[in-house]
Amino acid sequence: IKSKLISRRMFILTAAKTIVFCGIFGRLVSLQINEATKYKTLSDKNRFREWKLAPQRGIIRDYFNKEIASNEKVYQLHITPENSPNLETLFFRLKTILNLSDKRIFYLKRKIAKQKPWEPIIVSDNLTWSEFSRINLFLHELPGVEPIVSVARLYPDTSTAHLVGYVSQVSQKDLQRKAYLKDMSVGIAVGKTGLENKLDKDIIGEVGFQRYEVNAFGKRIKQIQVDPGKAGENFRTTIDLEVQKFTSEILEDKAASVCVMDIYNGDVITMVSSPSFDPNSFVHGIDKKYWKELISNEKKPLNNKSIAGLYPPGSTIKTIVALSALENDVWNPKKYITCTGLTELYGEKFHCWKKKGHGPMNMRSAIQRSCDVYFYEVARILGVDRLSETAKKFGLGKKILNGFIEERAGVVPNTAWKRKYVGKNWYLGETLHSGIGQGYYLSTPLQLCLMTAQIANGGFKIKPRLIFGEED
């Protein structure tokens with residue numbers, strides 16, 4: 001009986017040992033084989049650090065290959081919160097090294113609280129060489145800190161500010177609107193207006209990275225791999241920078257716009273909006289004082305008057321009125337109208353700009369002297385709907401540049417337009433106002449430039465072009 005009891009205990013003990021051994025062996029197999037990738041990844045995460053590199057933004061040049069938007073090297077400081085065991089201590093150290101203000105630290109903490117811990121934030125996007133050197137000297141004491149050598153946009157001349165636009169730090173709105181920004185590195189600058197925004201997807205480039213082996217303190221030991229990424233595409237514009245500068249100087253201190261276009265192919269030679277602003281001030285975050293100056297300026301320097309400013313076309317539309325009357329065969333160009341300085345319609349007086357009148361006018365002389373009374377009569381006979389149809393053929397009342405978010409379409413009124421947007425019927429007196437480019441008519445300077453170019457080339461349709469080689 002005693003022998004059987006011992007044998008039974010030995011069997012239970014051996015079975016227990018076997019179960020424990022099998023469990024340990026199974027766990028070892030699981031760790032070594034099944035979960036090898038997981039733990040290798042964790043090990044590599046402690047051993048290696050990877051920094052994304054912002055790609056070099058493409059260069060924008062004028063027709064003669066002069067740079068109007070280029071790049072310069074800058075030094076930045078990023079923080080990845082999950083890699084820092086104590087953010088309070090880290091900010092205390094950075095405050096002494098970089099003289100960060102309490103207000104800036106508060107802003108950074110609030111930003112960290114709103115985003116994922118593995119998403120980096122920018123502490124500074126434009127460090128001096130001295131500051132950058134100090135950060136690298138104390139890097140082993142700053143877990144989670146990533147000093148970055150990057151590139152920033154540089155605009156050599158302010159005369160192209162509205163045309164080229166500017167870049168600034170990516171916002172949540174940008175991330176929602178531009179899907180290609182999702183995998184971009186932190187600190188990437190995106191186009192906000194002008195050509196910078198229009199060409200952003202092609203000009204921004206592809207992100208690269210640097211991979212380093214680090215020690216237990218997070219200090220870099222050696223560089224493992226570098227992928228410089230891919231620079232953005234370069235673009236050549238139709239703009240002549242010298243003409244652009246000259247035009248900008250002429251318009252200095254004036255609220256105005258000048259557009260010059262090739263009448264045969266639509267190439268925009270110059271497109272100036274005055275007053276201008278310094279687009280470089282937006283690259284690293286605009287100063288509050290300068291921002292207030294811009295938005296409080298009554299001449300509206302931030303408004304691209306060439307494509308976003310809406311103005312009555314005035315007498316510039318008289319050629320369209322004449323053309324529409326001839327096209328619709330409702331007027332004899334040799335017919336004379338006597339201008340006495342005003343005309344009357346149902347008791348309402350419509351004045352000419354020349355109070356004493358121009359005397360007898362036919363179409364040629366009326367265009368030469370811009371006689372209002374003559375075109376009142378032509379418009380009355382023509383009618384606003386037919387005038388509207390011709391005006392639209394020449395580019396009025398619609399956007400004429402592709403991809404410019406700031407461009408506005410303007411207004412070419414007719415009877416249906418007034419019923420829809422004003423809720424009232426059209427009156428004959430309003431047709432007379434339309435005949436001299438007043439009333440509801442609104443156009444941008446570039447639309448009027450296109451209209452005039454198409455009249456000058458004999459009526460051939462052209463498409464305004466800013467990028468050389470871009471097809472309609």
Side-chain angles (χ1 to χ4, degrees), residues 60 62-64 66 68-69 157-165 193-198 235-277 279 299-320 391-412 437 441-457 459-468 470 472:
I60 302 176
D62 82 335
Y63 183 81
F64 299 100
K66 295 177 182 176
I68 55 179
D157 196 272
T158 59
S159 67
T160 60
H162 296 95
L163 169 69
V164 175
T193 61
L195 286 173
E196 291 281 25
N197 180 71
K198 169 184 166 65
F235 287 91
R236 179 184 169 201
T237 67
T238 60
I239 296 297
D240 185 330
L241 183 57
E242 293 306 313
V243 178
Q244 187 85 2
K245 287 180 181 179
F246 176 74
T247 310
S248 183
E249 289 170 6
I250 292 174
L251 296 182
E252 190 174 1
D253 297 326
K254 295 182 177 71
S257 169
V258 170
C259 301
V260 179
M261 184 184 297
D262 188 308
I263 67 172
Y264 296 109
N265 60 19
D267 284 358
V268 179
I269 311 301
T270 184
M271 191 172 83
V272 173
S273 178
S274 180
S276 190
F277 62 94
K299 294 178 181 177
K300 302 187 182 301
L302 290 175
N303 183 28
N304 186 349
K305 297 176 180 66
S306 299
I307 58 174
L310 294 178
Y311 313 98
S315 292
T316 61
I317 207 171
K318 288 174 181 175
T319 50
I320 294 295
K392 288 176 180 178
K393 287 179 182 179
F394 279 79
L396 301 185
K398 59 185 177 183
K399 295 181 180 181
I400 56 176
L401 290 177
N402 294 325
F404 280 77
I405 58 171
E406 58 267 44
E407 185 179 12
R408 299 173 72 183
V411 176
V412 174
Y441 262 96
L442 290 173
S443 304
T444 67
L446 189 63
Q447 286 176 341
L448 296 178
C449 183
L450 174 63
M451 177 194 80
T452 307
Q454 291 176 134
I455 291 172
N457 72 16
F460 293 97
K461 186 175 182 179
I462 55 175
K463 175 76 175 176
R465 185 175 67 164
L466 279 167
I467 301 300
F468 187 77
E470 184 180 52
D472 182 4

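- Looking only at side-chain heavy atoms (C-beta outward), F277 and L302 come within less than 4.5 Å of each other.
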T316/T452 under side chain to side chain contact (heavy atoms under 4.5 Å, CB included): CA gap, chis, key distance, verdict
CA-CA 8 Å; T316 61; T452 307; 5.6 Å; no
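- In this structure, S248 and V272 approach most closely via the heavy-atom pair CA-CG1, 4.0 Å.
- In plain terms, the two heavy atoms of K198 and N402 that are nearest each other are NZ-O, 2.7 Å.
- Inspection of the S306 and S273 side chains reveals no N or O donor paired with an N or O acceptor under 3.5 Å.
- Contact check for P313 versus K318: no side-chain heavy atoms found under the 4.5 Å cut-off.
- Looking at every heavy atom in both residues, D62 comes nearest to I239 through CB-O, 3.1 Å.
- I60 contributes atom CD1, which lies 14.5 Å from atom CZ of R236 (distance to the nearest 0.5 angstrom).
- The shortest non-hydrogen separation linking T444 to A308 is CG2-N, 4.5 Å.
- T237 places none of its side-chain heavy atoms less than 4.5 Å from the side chain of F468.
- Counting only distance, with no hydrogens or angles, the side chain of S276 and the backbone of T158 share a donor-acceptor pair below 3.5 Å.
- Rounding to the nearest 0.5 Å places CG of L396 at 6.0 Å from CG of L448.
- For the pair F394 and Q447, the minimum side-chain heavy-atom distance is 4.5 Å or more.
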Any chance you could lay out the side chain to side chain contact (heavy atoms under 4.5 Å, CB included) test for L401 and L466, step after step, and finish with the verdict?
CA-CA 9 Å; L401 290 177; L466 279 167; 4.0 Å; yes
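- I317 places none of its side-chain heavy atoms less than 4.5 Å from the side chain of P312.
- Going from atom NZ of K66 over to atom CD of Q244 covers 12.5 Å, rounded to the nearest 0.5 Å.
- Between I400 and E407, some side-chain heavy-atom pair lies under the 4.5 Å cut-off.
- The backbone N or O of F404 lies less than 3.5 Å from no partner atom in the side chain of K399, so there is not a single donor-acceptor pair.
- Around atom OH of Y63, no more than 12 heavy atoms belonging to other residues, nucleotides or ligands sit under 6.0 Å away.
- Not one N or O on the side chain of E406 forms a donor-acceptor pair closer than 3.5 Å with the backbone of I307.
- Closest of all the heavy-atom pairs between Q454 and G395 is NE2-N, 4.4 Å.
- From S274, atom OG reaches atom CG of N303 across 12.0 Å, with rounding to the nearest 0.5 Å.
- With values rounded to the nearest 0.5 angstrom, K398 atom NZ is found 8.5 Å from L450 atom CG.
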Pair Y311, L442 - check side chain to side chain contact (heavy atoms under 4.5 Å, CB included), show working.
CA-CA 5 Å; Y311 313 98; L442 290 173; 5.7 Å; no
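- Put simply, CE on M271 and CG on L163 are 5.0 Å apart, with the number rounded to the nearest 0.5 Å.
- Among D267, I269, I467, the single residue meeting the side chain to side chain contact (heavy atoms under 4.5 Å, CB included) criterion with T238 is D267.
- In this structure a side-chain-to-backbone donor-acceptor pair under 3.5 Å is present from K299 to D253.
- Counting only distance, with no hydrogens or angles, the side chain of H162 and the backbone of P301 share a donor-acceptor pair below 3.5 Å.
- Contact record, A453 with I462: CB-CD1, 4.0 Å, taken as the closest heavy-atom pair.
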